[in-house]
There are 2 protein chains.
Amino acid sequence: MSGGATNVRGRGRVTRKDVARVAGTSTAIVSYVINNGPRPVAERTRQRVLAAIEEVGYVPDTVAQALASGVSGLYGLIVPDISNPFFAALAHELEDSTSESGHILLLGDSAEDKDREKELISTFVRRRVDGLLFVGVDSHPDLSAAFDGEVPVVILDRVDPEHLASSVAVDNVAAAHAVTAHLVTHGYREHAIITGPEQLLTARERLQGWRSALAEAELLADPRWIVEAPFTRRGGYDAGSALITSGPRPRAVFASNELQAVGLLAAAAEHGLRVPDELAVITFDGTEMSEYTAPKLSGVVQPLDEIARAAVAMLPGKHRSTSFAPRHERCGYTIRLRPSCGHHPD
Amino acid sequence: MSGGATNVRGRGRVTRKDVARVAGTSTAIVSYVINNGPRPVAERTRQRVLAAIEEVGYVPDTVAQALASGVSGLYGLIVPDISNPFFAALAHELEDSTSESGHILLLGDSAEDKDREKELISTFVRRRVDGLLFVGVDSHPDLSAAFDGEVPVVILDRVDPEHLASSVAVDNVAAAHAVTAHLVTHGYREHAIITGPEQLLTARERLQGWRSALAEAELLADPRWIVEAPFTRRGGYDAGSALITSGPRPRAVFASNELQAVGLLAAAAEHGLRVPDELAVITFDGTEMSEYTAPKLSGVVQPLDEIARAAVAMLPGKHRSTSFAPRHERCGYTIRLRPSCGHHPD
DNA sequence: CTGTTAGCGCCTTCAG
DNA sequence: CTGAAGGCGCTAACAG
């Protein structure tokens, strides 16, 4: 309308300056309005600014805000493999919790590679993430870059006793114990376990829980029935095949994660072994997938929403926080009984 | 060592200034060295700068770089649900392709919600992403914010004829046709389909391919055997149950995505129906999961790595690109035959 | 309550 | 080949 004044899309974005000009105020006021502070603004002025923003189609530039304020509004999420349903489900929940606090997630898939993992950490630190949500490839991540950059870290799932970082996880030992004890109540006496990679504390803890439950029931933890495998479908399949075909066959198997359990079911099916009638199966980290396997999988389910919420709560919020004090939180777990362990729903 | 000169961790980060001081040059030189340009630097000076960087532990601040250069080094990834294995697998591949170009992914999970989706788009634009990798909730996304911000968009999977955005996808019609035709070669004559939500072009195309294959074989596309369901396990389960329990039963079912197929298998198992002997199943978008279902699932598999690579290649690279010319690319597909359709591996 | 202005850390044109 | 200096867009003192 007016003779070339407002110049909205004339190459180069609309800035606070344009808003200030149209509203007839200074740029500071525009900031105060946008951020509701730190200085108060007269209601009338505020309205004028708001109107001007609308009129010129102003959109704050987050990058500039980040540079000036020192807060990026970004959290870095690092997982070993986003295509693992468990991590994907976790990411989904984290995204949810995170958006509530006005933050956005930077996705880092370390592809089970230590070097890539380390690289991601420093890349994220360079980007000034306000916090790191971290699931490591193993239990000895090199988080030095994060600490150097003074970026708060919350370690999830595969937790290590690390004092500079916070953590949130379920009690793996107790949960594995509980679920194995349940197997015992079914009367099974020959127990096997497919454990995860030994470098993972998580795997060792679950193994420990399994062991203690057997010990408690005065059952033997036969070494031949303790087989280590990667936390993958393939790992579970291979381990399962070995368990099924070589030597005496166990009556019940604890697969240390859902992917392994799925692989195990495939192995059992392939060998014509009926689950749970001939082989009972129980698992850990069940996601929605466990509801759709044949048979449906029993196991420990982690409260992902709760974990996500707790983790995000440990990170500095929208407005730069005070100092970060590492905390360690244990979340409760649930045991979901379905047919795979011999349970009869009714 | 020296009397308070270098001051590395003295509150406030190490900047180019520190490097310049130690190297005895100007800050511009430091930039030239870091970016290999745009001005050449004498080799000796370069070495001194590099040494200084090392000495003071300088790490470039990406936020500042982004603001000054106008290139964020960020791509925004928007998917309807990251916990869907197909999207998770896609994200995994995208992360891979993306990191090769030195970019990082911002994760946006729209949770199948249009409003959230729109919000994510503008949030990402405000963050000056260099490009958007987009899978929409339906086939009519509101990408205006991206276009206003002049952010290049590549639409994946659920593609719409949209001329301002690029796209990469497989030929759904052809693939669905091919896979259905395969079912026909098995001799099955009673075909059913579980289609996806009608708003999704993807779903309509697969339905169309299925129809044309039947037509070609002069087989009837019985309306009662066309059942629409969400692209979820639950959707597939419900649709499958309906197909199995009401009226005449089809001999073969095409589940429009992998999740539906998994649900369908669960329904079949629950009703004691043997797959493929009594009911043949074929699907679309098979991921690794299809290798571990009981029975293993046949179906179209999309070349996710190729799709990811093609999509990223369409986006501006590390160094700000020239103008973005929307392109549309079709990727090839593969048909993976496994037992679920009646196929005998040997 | 509002305006002015000096940074945030880096890029890049323009002199030297 | 190198140095000085003006932004990028916004925040937050510091003055009015």
Side-chain angles (χ1 to χ4, degrees), chain A residues 8 11-49 52-53 56-74 125-128 130 149-150 318-320, chain B residues 8 11-21 23-49 52-53 56-73 125-128 130 149-150 318-320:
Chain A
V8 178
R11 191 69 277 168
R13 35 171 50 71
V14 182
T15 74
R16 283 178 327 157
K17 224 171 182 172
D18 299 300
V19 176
R21 183 158 34 72
V22 172
T25 67
S26 75
T27 59
I29 297 296
V30 180
S31 281
Y32 298 156
V33 171
I34 291 173
N35 309 325
N36 288 317
R39 295 269 86 88
V41 174
E43 184 53 26
R44 272 198 40 202
T45 319
R46 218 177 77 85
Q47 293 305 336
R48 252 187 311 145
V49 171
I53 288 178
V56 302
Y58 169 67
V59 175
D61 182 319
T62 319
V63 174
Q65 287 179 314
L67 179 60
S69 70
V71 178
S72 69
L74 246 36
V125 170
R126 270 210 283 281
R127 290 204 178 258
R128 295 214 191 174
D130 299 334
E150 294 173 10
K318 192 66 182 177
H319 311 290
R320 65 151 49 92
Chain B
V8 179
R11 191 67 280 168
R13 40 170 48 69
V14 182
T15 74
R16 282 180 326 160
K17 222 168 179 174
D18 300 300
V19 177
R21 183 158 34 73
T25 67
S26 74
T27 57
I29 298 294
V30 180
S31 282
Y32 298 156
V33 171
I34 292 173
N35 308 325
N36 286 318
R39 294 268 86 85
V41 175
E43 185 53 27
R44 273 198 40 204
T45 318
R46 216 178 76 85
Q47 292 304 337
R48 251 188 311 144
V49 171
I53 287 178
V56 303
Y58 169 68
V59 176
D61 182 319
T62 319
V63 174
Q65 287 179 313
L67 179 60
S69 70
V71 179
S72 68
V125 170
R126 270 209 283 280
R127 288 204 179 257
R128 293 214 194 175
D130 299 334
E150 294 173 9
K318 192 67 182 177
H319 311 290
R320 63 152 53 91

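Proteins come first, then strands; the chains are lettered A, B, ... in the order of their sequence lines, and each starts at number 1.
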Exercise. Within a strict 4.5 Å, meaning less than it, do heavy atoms of the A/Val22 and A/Asp18 side chains meet?
Worked result: no
Exercise. With sequence neighbours excluded, what pairs up with B/Arg128 under the salt bridge (Lys or Arg N to Asp or Glu O under 4.0 Å) test?
Worked result: A/Asp61
Seminar exercise, completed: Residues passing the side-chain contact (heavy atoms from CB on, under 4.5 Å) test with A/Val33, sequence neighbours excluded, are A/Ile29, A/Val41, A/Arg46, A/Val49, A/Leu50
For this session: Five pairs at each end of the helix from C/dC1-D/dG16 to C/dG16-D/dC1: take the axis at both ends and give me the angle between them to 10°.
Result: 40°
Problem set entry | Min side-chain heavy-atom separation B/Ser31-B/Arg16 under 4.5 Å | yes
For this session: Give B/Val30 one of three labels, base, sugar-phosphate or nothing, depending on what nucleic acid heavy atoms sit under 4.0 Å from its own.
Result: nothing
For this session: Look at all strands and tell whether A/Arg128 reaches a base, only sugar-phosphate, or nothing, counting heavy atoms closer than 4.0 Å.
Result: sugar-phosphate
Problem set entry | Distance in Å, B/Lys17 NZ paired with B/Arg21 CZ, rounded so as to fall on 0.5 Å steps | 9.0 Å
Seminar exercise, completed: Of all heavy-atom pairs linking B/Gly149 and B/Val125, the shortest is CA-CG1, 4.0 Å
Seminar exercise, completed: Minimal heavy-atom distance between A/Val19 and A/Ala52, with the atoms involved, is O-CB, 3.7 Å
For this session: Specify the separation, in whole Å, of atom CD1 of B/Ile29 and atom C1' of D/dG3.
Result: 7 Å
Exercise. Side-chain N or O of B/Ser31 less than 4.0 angstrom from OP1 or OP2 on C/dC11?
Worked result: yes
For this session: Would you jot down, in residue-number order, the residues of residues 58-65 of chain A having a non-hydrogen atom under 4.0 Å from DNA chain D?
Result: A/Tyr58, A/Pro60, A/Asp61, A/Ala64, A/Gln65
Exercise. Roughly how many Å is it from CZ in A/Arg127 to P in C/dG9, rounded to a whole number?
Worked result: 17 Å
Problem set entry | Separation of C/dG9 P from B/Arg21 CZ (nearest whole Å) | 14 Å
Exercise. C/dG3 C1' sits how many Å from A/Lys17 NZ, rounded?
Worked result: 15 Å
Seminar exercise, completed: To the nearest angstrom, the CG-P distance between A/Asp18 and D/dC8 comes to 11 Å
Exercise. Shortest non-hydrogen contact from A/Asp130 to A/Ser72?
Worked result: OD1-N, 3.1 Å
For this session: Grab the two heavy atoms, one from B/Ile34 and one from B/Tyr58, that are nearest each other, plus how far apart they are.
Result: CD1-CE2, 3.4 Å
Exercise. With sequence neighbours excluded, what pairs up with A/Arg126 under the side-chain contact (heavy atoms from CB on, under 4.5 Å) test?
Worked result: A/Thr123, B/Val59, B/Pro60, B/Thr62
Exercise. What is the distance from CG of A/Leu67 to C1' of D/dA12, rounded to the nearest Å?
Worked result: 14 Å
Problem set entry | For A/Ala28, side-chain contact (heavy atoms from CB on, under 4.5 Å) partners two or more places apart | A/Ser26, A/Tyr32
Seminar exercise, completed: Heavy-atom closest pair (B/Asn35 atom, B/Gln65 atom, distance to 0.1 Å) is OD1-NE2, 4.3 Å
Exercise. B/Asn36 has an atom CG; how far is it from atom P of C/dC11, in whole Å?
Worked result: 12 Å
Polar atoms only, N or O, under 3.5 Å: list the protein pairs with nucleotides 4-7 of chain D and their distances.
none

For this session: Please state how far atom CG in A/Asn35 lies from atom P in D/dA13, giving the value in whole angstrom units.
Result: 12 Å
Exercise. Counting just side-chain N and O atoms, does B/Thr15 come under 4.0 Å of either OP1 or OP2 of C/dC8?
Worked result: no
Exercise. Out of C/dC11, C/dT2, D/dG3, which has the shortest distance to the side chain of A/Thr45?
Worked result: C/dT2
